[in-house]
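Heads up: the structure comes next, in structure tokens.
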There are 2 protein chains.
Amino acid sequence: MQRRRPTIHEVAKVAGVSISSVSRALNGNTSNAEMVARVEAAVQQLGYVPSQVAQSLKTRHTAQVAFAMEDIGNAAYLEMVRQIQPVLRDAGYRLLLHSTGADVEDEVSVLDSLSQNYVDGLILCPLRVTGRHVAALRETAVPVIVIGLLPDDVSVDNVRADSRVGARMAVEHLYAAGARRIAFIDGPIDTVPGEARYAGYRAGLAACGLPLDDDLVEFADFQFESGRRAAREVLTRTDVDAVFGANDLIAMGTLHALRELGRTVPDDVRVVGMDDTTLAATSFPPLSSVSLGSADRGRIAAKLLLARMNGDDSPPERVTVPPSLTIRESSR
Amino acid sequence: MQRRRPTIHEVAKVAGVSISSVSRALNGNTSNAEMVARVEAAVQQLGYVPSQVAQSLKTRHTAQVAFAMEDIGNAAYLEMVRQIQPVLRDAGYRLLLHSTGADVEDEVSVLDSLSQNYVDGLILCPLRVTGRHVAALRETAVPVIVIGLLPDDVSVDNVRADSRVGARMAVEHLYAAGARRIAFIDGPIDTVPGEARYAGYRAGLAACGLPLDDDLVEFADFQFESGRRAAREVLTRTDVDAVFGANDLIAMGTLHALRELGRTVPDDVRVVGMDDTTLAATSFPPLSSVSLGSADRGRIAAKLLLARMNGDDSPPERVTVPPSLTIRESSR
DNA sequence: CCCGGCCCTGGAAACGTTTCCGGGATGTCC
DNA sequence: GGACATCCCGGAAACGTTTCCAGGGCCGGG
């Protein structure tokens, strides 16, 4: 351990050839089979492993890609990671994780330094998009794919969910199932998803001819506990026959709140969540949930990034993954 | 985008000083305030960002650490990542993720190439430990911390859970609550945790004076669906008044199987899981679970690694994190 | 048999930093 | 006021690769 590693020079000496020949032999740029054999023998003997750092310096790429998101603990991001990782690994890239903790400062610094550096590409999932994000995005030295909403005038590849339509689908589904007092527990209103889901909720109400009642709306922070608290709030404050939670954790919290208040699901109150994480299928009762296609978005983003890193310079793409509703017992 | 980045030479030219001075100014190795100011002005003007690759080549460290585990989707590993990431980030390291898919080949290649390369340290969570693992561990060029069981003669820092004792605690708890026919749904027996938990289960039975009945034991693969299936199997096969699941997913599957079979929890059958993931608290009924301290293990491993990377060369440590049982409604 | 072209090899430069070293200027003390 | 120590800056080497380039051997054709 901590032994100095052999360099290409030592391999060359042992094999009795020049370092250029070693390099060529190892990279398959020679046709002399005997040369290759000698070099490989020397490599074997010394336990030589090329320095990726030196290679990177020379070749100007690092075989690394970063994925930056708010919090790896969030199931939706996790789903993305699970899709992104194999795609990139099969293409020979390593995945670097960057939890920003939703800090704008941190996200921007990822963009303008991280992306100019030890990474060949970046997939970014910003919770909020500020002017500084946009400015930084214009300056990056490597391809960036943004997952999430982005202003129209930013020409960067962009894979988005349509959580607005998704939220509307949830409301319409609940209405169709007979609900008329549909509560909504949102995440923070100043985040991109929080705002979009709220808009979708209102659009859904409008489409169903229901009035918007502020008593039916509460804001939490996308977590289980705060979801439970917010749900209790609404449920004790006013009359409710359905709850739409802005993500599955909030909806799970709602299920617990309902149980504590002695209400039954779905007979008494129907519940729908969002993101369709594994939680939804394993909850009790199994939770209806609007999938925003996290897995698809991850996979698409990874493939897009791969194409860009391979030199594809067609105009920026904008892919929107359509939402889909999975109906389970909680709203049946 | 894709514009060539300025180098230190250009900064030097703009600032009218030598590259050595630029380097010193940027790294705080100079006391001339005016020099620093001039350099920073030039840096600002050019938008210069040092090449981390070149720095790494020179300084021989990369400010990167890898975490290799079977599958990032597993909640226990996720918990570790959440702890490891901030510790390392605060110390200036980036975290590289490596999902091995439990492939021995892949794990060993991580060990003997990855660790000799673009990384200053490695945290490894092997599901199985083979001779090749051990051999590779002896050869690594950078500090490695292993989370999980390791043969005694391998002198590598090691943070372990005691899942054997944990499993035994679960059984004793169920016995104390009145259960006498305690079923066990394990993961694959040929994995380190699968084996340890099985051993703990048997030890628990022995401690309670209960016989080992093969009818009460079934093997799944640590997933929800296979856990549900295995639970159904056992529950229809024989008489059962408690189930211990080798992880929370299996226990969740068991809860669903019980519900489908019309048995109530905990009155009819008590259930205990393992890992105490967030799932446990949000399930219905809330799931009793043995915590193996994933979060603690992650944090400890990260700190240990940090110490090693800072040159601490005291003899290898072996830390065992004690299990703890959180009793919730499912076994009350 | 000689010459030209081709292929293979080795030498050397380059990638962008950090750091060692030497020289010149400055300050201080006698 | 001179000598010596001190400090600061610039030049250059080095980190470990890849790749360009030139030279030499070999083969084939004239």
Side-chain angles (χ1 to χ4, degrees), chain A residues 2-40 42-43 46-64 92 113-114 116-120 141-142, chain B residues 2-40 42-43 46-64 92 113-114 116-120 141-142:
Chain A
Q2 311 295 23
R3 206 174 52 261
R4 245 188 57 46
R5 300 170 37 198
T7 73
I8 198 173
H9 290 94
E10 288 152 65
V11 176
K13 195 174 296 174
V14 169
V17 299
S18 74
I19 60 164
S20 351
S21 298
V22 174
S23 176
R24 276 186 295 256
L26 292 177
N27 294 301
N29 293 323
T30 188
S31 42
N32 184 339
E34 194 237 331
M35 169 74 82
V36 173
R38 280 173 66 181
V39 169
E40 296 207 321
V43 165
L46 293 172
Y48 167 76
V49 180
S51 157
Q52 299 233 12
V53 172
Q55 288 182 326
S56 294
L57 180 59
K58 195 61 200 168
T59 62
R60 331 184 66 78
H61 52 82
T62 60
Q64 297 190 154
S113 92
L114 192 156
Q116 296 212 10
N117 276 306
Y118 45 86
V119 136
D120 297 340
V142 298
Chain B
Q2 310 294 25
R3 204 174 54 262
R4 245 188 57 44
R5 297 170 39 198
T7 74
I8 199 173
H9 289 94
E10 288 153 65
V11 175
K13 193 174 297 174
V14 168
V17 299
S18 74
I19 62 163
S20 353
S21 298
V22 174
S23 176
R24 276 186 296 256
L26 293 178
N27 294 300
N29 293 322
T30 187
S31 42
N32 183 339
E34 194 236 331
M35 169 74 81
V36 172
R38 279 173 69 180
V39 168
E40 296 208 321
V43 164
L46 293 172
Y48 168 75
V49 180
S51 157
Q52 299 233 13
V53 172
Q55 287 182 325
S56 294
L57 180 60
K58 195 63 198 161
T59 62
R60 334 187 63 82
H61 52 81
T62 60
Q64 298 191 152
S113 90
L114 191 157
Q116 297 211 10
N117 275 306
Y118 46 87
V119 137
D120 297 339
V142 298

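Convention: sequence-line order gives letters A, B, ...; per-chain numbering from 1. Values below: every heavy atom of this structure, side chains too, minus hydrogens, waters and symmetry copies.
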Quiz prompt | First encountered from the 5' end of DNA chain D, between Met35(B) and Ala54(B) | solution =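 Comparing both residues, the 5'-ward one is Met35(B).
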Self-check item: Position toward the 5' end of DNA chain D (nearest nucleotide), Ile8(A) or Lys58(B)
Solution: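 Nearest nucleotide further toward 5': that of Lys58(B).
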Quiz item: Out of curiosity, Ser56(A) OG to Leu57(B) CG, how far, rounded to the nearest 0.5 Å?
Solution: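 With rounding to 0.5 Å, OG (Ser56(A)) is 9.5 Å from CG (Leu57(B)).
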Quiz prompt | Contact boundaries on DNA chain D for chain A, cut-off under 4.0 Å to non-hydrogen atoms | solution =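 So the outermost contacting nucleotides come out as dG16(D) to dC20(D).
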Practice problem: Quick one: label Val17(B) by what it contacts on the DNA or RNA (base, sugar-phosphate, nothing), any heavy atom closer than 4.0 Å. | Solution: sugar-phosphate
Quiz item: Between the base of dG11(C) and the side chain of Ser20(A), is there any donor-acceptor pair under 3.5 Å?
Solution: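 In this structure, the two groups form a donor-acceptor pair.
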Under the rule for side chain to side chain contact (heavy atoms under 4.5 Å, CB included), what residues qualify as partners of [X], not counting sequence neighbours?
X	result
Ser18(A)	Ser20(A), Ser21(A)
Glu10(A)	Arg4(A), Pro6(A), Thr7(A), Leu46(A)
Ile19(A)	Ile8(A), His9(A), Ala12(A)

Partners of [X] by side chain to side chain donor-acceptor pair (under 3.5 Å), sequence neighbours excluded?
X	answer
Ser51(A)	none
Thr62(A)	Asp120(A)
Gln64(A)	Arg94(A), Gln64(B)
Asn32(A)	none

Quiz item: salt bridge (Lys or Arg N to Asp or Glu O under 4.0 Å): which pairs involve residues 49-64 of chain B, sequence neighbours left out?
Solution: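 Not a single pair qualifies under salt bridge (Lys or Arg N to Asp or Glu O under 4.0 Å).
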Self-check item: Rounded to 10 degrees, the angle between the two terminal axes of the helix from dC1(C)-dG30(D) to dC30(C)-dG1(D), each from five pairs
Solution: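 The two end axes of the helix from dC1(C)-dG30(D) to dC30(C)-dG1(D) meet at 50°.
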Exercise. Within residues 21-31 of chain A, find the residues that approach DNA chain D with a heavy atom at under 4.0 Å, and present them sorted by residue number.
Key: Ser23(A), Arg24(A), Asn27(A)
Practice problem: Name all residues meeting the salt bridge (charged side-chain N to carboxylate O under 4.0 Å, His left out) criterion together with Arg24(B); count only those two or more places apart in sequence or in a different chain, and write none if there are none. | Solution: none
